[in-house]
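Lettering follows sequence order; numbering is per chain, from 1.
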Amino acid sequence: MVEIRLTNSRTRKKEPFAPIDAADLRVYACGPTVYDRAHLGNARPVVVFDVLFRLLRQVYGEDAVTYVRNFTDVDDKINARAAETGRPIRDITEETIGWYHDDMDALGALRPTHEPRATDYIAQMIAMIEELIEKGFAYEADGHVLFEVRKFPDYGQLSGRSLDDMIAGARVEVAPYKRDPMDFVLWKPSEGDLPGWNSPWGRGRPGWHIECSAMSAELLGDVFDIHAGGIDLQFPHHENEIAQSRCAHGTRVMANTWLHNEMVQVEGKKMSKSLGNFFTVRDLLDQGIPGEVIRFVLLMTHYRKPMDWTAEKAAEAEATLRKWRALTDGVEADTPSPAVIAALADDLNTAGAIAALHDLARAGDAAGLKASAQMIGLLGDGMGGWLAEGPDLTPLAVRFAALREAAKASKDFSAVDAMKQQLLAAGIEVRMSAAGVELIPGPGFDAVAVEAMS
RNA sequence: GGUGGGUUGGCGGAGAGGUUACGCACCGGAUUGCAAAUCCGUGAAGACCGGUUCGAUUCCGGUACCCACCUCCA
């Protein structure tokens with residue numbers, strides 16, 4: 001059995017991964033709040049933890065891994081979107097979930113085992129909040145239910161901060177009904193046409209963090225193996241999840257291993273909605289950047305480091321994939337290379353795995369390359385469609401070959417060179433050898449120009 | 001102010017206390033009508049200052065700079 005080592009945010013150490021039950025691994029990743037298209041930053045954890053999912057399935061068996069990623073479909077951002085567009089909330093969340101599936105599928109991410117929606121777990125959330133009140137960790141005030149952070153001595157452990165430090169530099173809005181400024185909302189009242197559910201505290205809706213606690217407990221149990229998400233969720237979201245779950249269930253941990261991916265950057269700055277420098281996965285796909293290329297770029301950088309999205313990286317990834325696709329075309333995948341699995345088992349070192357893939361390519365091991373690349377979701381049979389696009393270049397190739405033959409006899413290559421320039425300008429790679437002529441669409445392929453030449 | 005992370009060759013980007021990362025680009029060679037592609041090969045690094053060590057880019061401490069979190073965000 002391959003030993004998997006993961007950097008655990010909870011212990012701040014890279015440590016061997018030991019499942020609670022090797023026949024029933026349980027993994028939870030925080031999914032999107034569904035009110036808009038997923039941007040590239042949303043895609044990074046999806047792809048990174050998809051690699052984790054694939055690795056765990058490879059090592060422990062396909063049926064041994066349960067992977068849950070939620071949809072948060074109740075949230076004030078969604079309410080705001082509904083208010084500004086006049087559309088029903090359900091329409092917005094349904095449409096966004098459909099987009100999310102389309103876009104993440106395009107990136108080659110496997111669907112998780114379960115994709116629960118928060119609104120299907122309101123009853124579990126209410127039960128959990130009742131439990132917290134009963135045990136003295138939460139209190140009702142002014143129509144709200146709040147978690148009392150002072151009752152949980154480990155609060156701040158995950159993110160390495162103390163309550164007093166946080167309050168010293170606090171920028172939190174202090175509501176008068178809070179016993180402590182850091183107390184956070186479990187339930188809040190809904191007035192008017194805001195979405196609401198009946199509860200012991202009146203008609204209301206859940207706070208931000210409780211849905212993950214309720215859904216993970218329901219689907220994975222009170223304590224599970226891995227909880228994953230973006231580093232920006234470490235505080236307060238994950239800290240609050242831990243507080244809720246551990247206090248409600250009386251457990252020592254919520255999840256044994258916590259994984260956090262670093263942010264996506266653009267021009268060295270975090271991609272974020274507030275900075276307005278974000279772009280969606282769909283934007284990239286619409287620009288003609290294939291999902292497989294986006295995936296490759298995301299995996300070029302280790303998940304615990306910031307990743308800068310650049311056009312150069314996309315071009316490099318595309319060139320590599322073209323090469324590998326050509327090498328493995330029609331080849332039956334063999335078994336994944338131990339070097340690739342070893343790299344992935346070492347804290348999901350996808351950059352190291354890609355290096356190992358280059359080694360396989362250089363060695364000409366097409367079957368091994370294909371199987372190993374598929375370990376990280378590349379070179380899959382369903383993802384190569386982007387290479388097949390474009391018109392048939394055979395007529396042009398025949399014409400070009402004829403010109404070349406004539407030139408060889410006359411020693412006048414000017415007509416050949418002129419046509420070659422045209423082909424190159426249209427983004428076609430021109431390969432001439434003693435054996436003949438090959439025309440291959442390249443990165444800057446211009447179908448319109450080709451049409452004009454035909 | 002508090003907390004966490006980072007700084008590697010022209011660029012991207014890993015591992016390892018001592019032996020070539022890897023990719024792209026560059027340069028040289030093979031090949032080619034010229035190229036492209038391909039193959040072979042060379043060169044190039046570890047922010048700064050100390051410490052530990054026979055030996056550190058790798059461990060420890062400090063400095064500088066960068067990024068993130070503390071407010072919705074993956």
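Across B:rA74, B:rG33, B:rC70, the shortest atom-to-atom separation from the side chain of A:V264 is found for B:rA74. Looking at the side chain of A:W208, the nearest of the listed nucleotides B:rC72, B:rU7, B:rG33 is B:rC72. With distances taken from any side-chain atom of A:M432 to the nucleotides B:rA74, B:rG33, B:rG15, the minimum falls on B:rG33. Nearest to the side-chain atoms of A:A355 among the listed nucleotides B:rA21, B:rG4, B:rG33 stands B:rA21. Residue A:F235 has its side chain nearest to B:rC70 when only B:rA36, B:rA14, B:rC70 are considered. Residue A:R404 places its side chain closer to B:rG33 than to any other of B:rG2, B:rG33, B:rG13. Side-chain atoms of A:D232 lie closest to B:rA74 of the nucleotides B:rU38, B:rA74, B:rG4. Candidate nucleotides B:rA74, B:rG13, B:rG23 were compared by shortest atom distance to the side chain of A:H39, and B:rA74 ranks first. The nucleotide whose nearest atom lies closest to any side-chain atom of A:K323 is, among B:rA35, B:rA74, B:rC24, B:rC24. Distance from the side chain of A:K420 is smallest for B:rA35 among the nucleotides B:rA74, B:rA14, B:rA35.
Look at the P atom in both B:rA47 and B:rG41: the space between them is 29 Å, to the nearest Å. Nucleotides B:rC27 and B:rA36 are separated by 11 Å at their P atoms, to the nearest Å. Separation of the P atoms belonging to B:rC11 and B:rA25 is 16 Å when rounded to the nearest angstrom. As rounded to the nearest Å, B:rG10 and B:rU52 have P atoms that lie 31 Å from one another. B:rA56 sits 14 Å from B:rA45 when the C1' atoms are compared, rounded to a whole Å. Spacing between B:rG2 and B:rG43 at atom C1', rounded to whole Å, works out to 47 Å. Taking the C1' atom of each, B:rG15 and B:rG46 are spaced 13 Å apart, rounded to whole Å. On the P atoms, B:rA35 is 15 Å away from B:rC26, given to the nearest whole Å.
At the heavy-atom level, A:R44 lies nowhere under 4.0 Å from the strands shown. Backbone-only engagement by A:Q265 is indicated by non-hydrogen atom pairs under 4.0 Å involving sugar-phosphate atoms exclusively. A:G41 comes within 4.0 angstrom of a nucleotide base, judged by non-hydrogen atoms across all strands. Within 4.0 Å of A:M300, counting heavy atoms only, lie sugar-phosphate atoms of the nucleic acid but no base atom. A:E316 comes within contact range of at least one nucleobase, with a heavy-atom separation under 4.0 Å.
A close approach under 4.0 Å does not occur between any side-chain nitrogen or oxygen of A:T320 and OP1 or OP2 of B:rG23. The phosphate of B:rG13 has OP1 or OP2 within less than 4.0 Å of a side-chain N or O from A:K313. Between A:K305 and B:rA14, a side-chain N or O to OP1/OP2 separation shorter than 4.0 Å is present.
In this model, no donor atom of one side chain and acceptor atom of the other lie less than 3.5 Å apart for A:E241 and A:S213. Defined by atom type and a distance below 3.5 Å, a donor-acceptor pair is missing between the side-chain atoms of A:D308 and A:T310. Residues A:H39 and A:T280 bring no donor and acceptor atom of their side chains to less than 3.5 Å of each other.
With the 3.5 Å cutoff on both pairing distances, Watson-Crick and G-U pairs in RNA chain B assemble into runs of at least 3 at B:1-7 with B:64-70, B:10-12 with B:22-24, B:27-30 with B:38-41, B:47-51 with B:59-63.
If you find the closest nucleotide of RNA chain B to A:R362 and to A:M307, the one lying nearer the 5' end belongs to A:M307. With the nearest nucleotide of RNA chain B identified for both A:D308 and A:S159, A:S159 has the one nearer the 5' end.
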- Dump the intermediate steps for salt bridge (Lys or Arg N to Asp or Glu O under 4.0 Å) on A:K178 and A:E148, then the final yes or no. CA-CA 9 Å; A:K178 286 187 178 180; A:E148 188 167 7; over 6 Å; no
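Between the P atom of B:rG33 and the CG atom of A:D412 lies a distance of 16 Å, rounded to the nearest Å. Protein atom CG of A:L299 is 15 Å distant from nucleotide atom C1' of B:rG23, rounded to whole Å. Straight-line distance from the CD1 atom of A:I78 to the P atom of B:rC73: 11 Å, rounded to whole Å. Computed from coordinates, the A:Q157 CD to B:rU3 P distance equals 16 Å when rounded to whole Å. What separates CG of A:N240 from P of B:rC72 is a distance of 10 Å, to the nearest Å. Across the protein-nucleic acid pair, A:H260 atom NE2 and B:rC67 atom C1' stand 17 Å apart, rounded to whole Å. Between the CG atom of A:L233 and the C1' atom of B:rG4 there is a distance of 15 Å, given to the nearest Å. Counting to the nearest Å, the C1' atom of B:rG10 and the CD atom of A:E312 are 13 Å from each other.
Relative ring orientation between A:H238 and A:H260 is described as tilted, the plane-to-plane angle lying within the 30° to 60° band. The aromatic rings of A:W324 and A:F296 are tilted relative to each other, their planes meeting at an angle between 30° and 60°. Ring orientation note: the planes of A:F137 and A:F147 are close to parallel, at an angle under 30° on the 30°/60° scale. Ring planes of A:F152 and A:Y155: perpendicular class, angle over 60° (limits at 30 and 60°).
Donor-acceptor pairing under 3.5 Å, judged by distance alone, is present between the side chain of A:D417 and the base of B:rG33.
Because its NZ or CZ atom is not both nearer than 6.0 Å to the ring centre of A:F49 and within 45° of the ring axis, A:R69 does not count as a cation-pi partner of that residue.
Between the side chain of A:H358 and the main chain of A:A356, no donor-acceptor pair closer than 3.5 Å is present.
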